[in-house]
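The model shown is predicted, which means the values in this text are computed figures rather than measured ones. Numbering of ligands and ligand atoms starts at 1, following listing order.
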Amino acid sequence: MAARRVSSLLTRSAFLSSVLQGRNNGGRIRKFSSTATAVEEPITPPVKINYTQLLINGQFVDSASGKTFPTLDPRNGEVIANVAEGDVEDINRAVSAARKAFDEGPWPRMTAYERARIMLRFADLVEKHSDELAALETWDNGKPYEQSAKVELPIFVRLFHYYAGWADKIHGLTVPADSPHHVQILHEPIGVAGQIIPWNFPLLMFAWKIGPALATGNTVVLKTAEQTPLTALYVAKLFHEAGLPPGVLNVVSGFGPTAGAALASHMDVDKLAFTGSTETGKIVLELAAKSNLKPVTLELGGKSPFIVCEDADIGKAVEQAHFALFFNQGQCCCAGSRTFVHEKVYDEFLEKAKARAMRRKVGDPFRKETEQGPQIDSEQFEKVLRYIRSGVESNATLECGGERIGSKGYFIQPTVFSNVKDDMLIATDEIFGPVQSILKFKDLDEVIRRANATRYGLAAGVYTKNIDTANTLSRGLRAGTVWINCFDVFDAAIPFGGYKMSGIGREKGIYSLHNYLQVKAVVTPLKNPAWL
Ligand SMILES: NC(=O)c1ccc[n+]([C@@H]2O[C@H](COP(=O)([O-])OP(=O)(O)OC[C@H]3O[C@@H](n4cnc5c(N)ncnc54)[C@H](O)[C@@H]3O)[C@@H](O)[C@H]2O)c1
């Protein structure tokens, strides 16, 4: 493997060069610095691409149009494989397979224990194939292989164990009536679920969606993100090997405005679950309302605060704040993208946060020591660089990073801004990249008000040793998750979802089951009951 090291200092993006040469609006750059990282010649991933067609009714098939689209390696923009491109007709075929499997097939009719056993067999198969799956996930997405293999695949397996465990514990209720009636409340599967997932965690989003839907006896049409179609096809194949009946899980690769929109507006889809941007969330909600008024759950964007109080252990807080933002190349809906630091510890925190970012190892995600791979694609890469430029132009201080790395692929230096003000775009918008924005605060009331002054409400982080401070902040912050002295803890049983424009509903945990269940009241007269 050639060790072609490219100095990031030689490859500054054009706009930052112009900023550095003073052709910009005077953004302050305290000290420009390289993060001293390098990109090697791409390592060949240890996996073959076996599945590129659509999976409909248990069979791999070409798209009705015969069209394909390329899925690209984010390390260099080269084609990994050409994948069948699903469109309206393919969604129609997939929905009718799922409909038939629900209305006539064995899945909702088999015992919950049998369903659970298939899900457990599937989890075992995924475990057996987890090296290839981790390699495929990293190749298609660019995330570090160590993260795919040691964090995400084990969580994926855990999620299916968790949901298999629920399958035979979906209980209804009996409720007392005011009259002599026997009242049963049945929890029934809702029918055909349409699910649309993003590219940042292709396998985990598959598990968050498919796990609860199948545990509760539904059938599914899943539309994967066009950037990352490969692993869902692989695991869906394993699901069929585990005994899943045909038509229960259909996977359609394709684009949002075509395949995604067809699914959201389909008259025969009984429920829609979506994860992605707030803008697209609004579109799919409207499509669902304008078609058959199917219920919709949405998991959307965020601009999560990470609050470092004056009594925090600064070393640990720096590390957690760094992780909260930079994990997964900054491509997390819950990324701690506004780091609020108390004024008394601000200078110390800033120096350490900057030093930590400069130590971050960016490179080929297949290298063991790599902490950060490339951004997903050229669109996201350009968007992140635009936000960095806007930070400089709006007079935030660029402490480190700010440039692309190398001339191929979508690698960006870990970037830290200080002196960030609440109304700057880098503090209001979801950047979805490795850009940490550090803001100063004076007291708790102020930081709660500022942390909540956003259209989002997905998550928040709090760093303090004081239990009263922790309680005040955790209740004051309007967010679906508050992590105290930790971040990104994602157990299968912990519900996840957003306040405000971060979404509707909760995924994971017991709450996710409700998304896939109908509630039916059955009322029968009682003749001469001994009691009511
Ligand atoms: N909350 C999250 O987990 C999450 C994940 C990925 C991206 N994002 C945000 O979204 C931004 C843009 O990323 P993106 O373009 O991949 O997100 P997106 O919302 O456009 O895509 C998410 C999914 O929705 C589908 N989609 C797109 N347009 C659609 C339409 N009109 N009808 C139906 N489905 C449609 C896509 O094909 C994909 O499967 C990111 O910068 C980030 O801010 C958030």
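Note: Y51 and F60 have parallel aromatic rings, judged against thresholds of 30 and 60 degrees for the angle between ring planes. Ring pair F239/F206 is tilted by interplanar angle, where 30° to 60° counts as tilted. Ring geometry, F156 versus F160: the interplanar angle falls from 30° to 60°, so the pair is classed tilted. By the 30° and 60° cut-offs, the orientation of the rings of F306 relative to F487 is tilted. Taking the six-membered ring for Trp and thresholds of 30 and 60 degrees, Y511 and H514 have ring planes more than 60 degrees apart, a perpendicular arrangement. Between Y410 and F381, the ring-plane angle classifies as tilted under the 30° and 60° cut-offs.
Short contacts between ligand 1 and P198, defined as distances under 4.0 Å to a heavy atom of the residue, involve ligand atoms 5 (C), 6 (C). Short contacts between ligand 1 and Q380, defined as distances under 4.0 Å to a heavy atom of the residue, involve ligand atoms 12 (C), 13 (O), 40 (C), 41 (O). Below 4.0 Å from some heavy atom of I197 lie the following atoms of ligand 1, by number and element: 23 (C), 38 (C), 39 (O). In the vicinity of I283, heavy-atom distances shorter than 4.0 Å reach the ligand 1 atoms 31 (N). In the vicinity of A261, heavy-atom distances shorter than 4.0 Å reach the ligand 1 atoms 32 (N), 33 (C).
With a 4.0 Å heavy-atom cut-off, ligand 1 is reached by no atom of Q331. Residue-level proximity to ligand 1 for M205 is absent, since no heavy atom of it falls below 4.0 angstrom. At a heavy-atom distance under 4.0 Å, only side-chain atoms of V284, from C-beta outward, approach ligand 1.
Atom 41 (O) of ligand 1 has K383 NZ, 2.4 Å as its closest protein atom, hydrogens excluded (heavy atom only). With respect to atom 2 (C) of ligand 1, the closest heavy atom belonging to the protein is C333 CB, 3.3 Å. When hydrogens are left out, the protein atom nearest atom 4 (C) of ligand 1 is F432 CZ, 3.6 Å; that is the closest non-hydrogen contact. Among all protein heavy atoms, the one lying closest to atom 25 (C) of ligand 1 is I196 CG2, 3.7 Å.
A donor and an acceptor atom, one from each side chain of S512 and Y163, are located under 3.5 Å apart.
A salt bridge links K354 and E399; the closest N-O separation between the charged side-chain nitrogens and carboxylate oxygens is under 4.0 Å. Salt bridge absent: K294 and D270 never bring a charged side-chain N and a carboxylate O closer than 4.0 Å. Taking the charged nitrogens against the carboxylate oxygens, D90 and R93 do have a contact shorter than 4.0 Å, which makes a salt bridge.
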N92 and H266: CA distance, side-chain angles, deciding distance, side chain to side chain donor-acceptor pair (under 3.5 Å) verdict:
CA-CA 8 Å; N92 288 341; H266 205 290; 3.1 Å; yes
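Atom 1 (N) of ligand 1 has its nearest heavy-atom neighbour, among L300, I376, L298, T258, in L300. With distances taken over non-hydrogen atoms, the option nearest atom 22 (C) of ligand 1 out of T280, T275, T228 is T275. Remark: among candidates W199, F255, F274, the nearest residue to atom 16 (O) of ligand 1 is W199, based on non-hydrogen atoms. The closest heavy-atom contact to atom 11 (C) of ligand 1, among the options G256, A259, S277, G260, comes from S277.
Inter-residue side-chain proximity for R506 and F496 is flagged as unmet; no heavy-atom pair is nearer than 4.5 Å.
Per-atom contact check: atom 43 (O) of ligand 1 touches the protein, criterion being a heavy-atom distance below 4.0 Å.
The shortest heavy-atom distance from L263 to ligand 1 is not under 4.0 Å.
For ligand 1, the polar-atom distance check against G254 finds no nitrogen or oxygen pair separated by under 3.5 Å.
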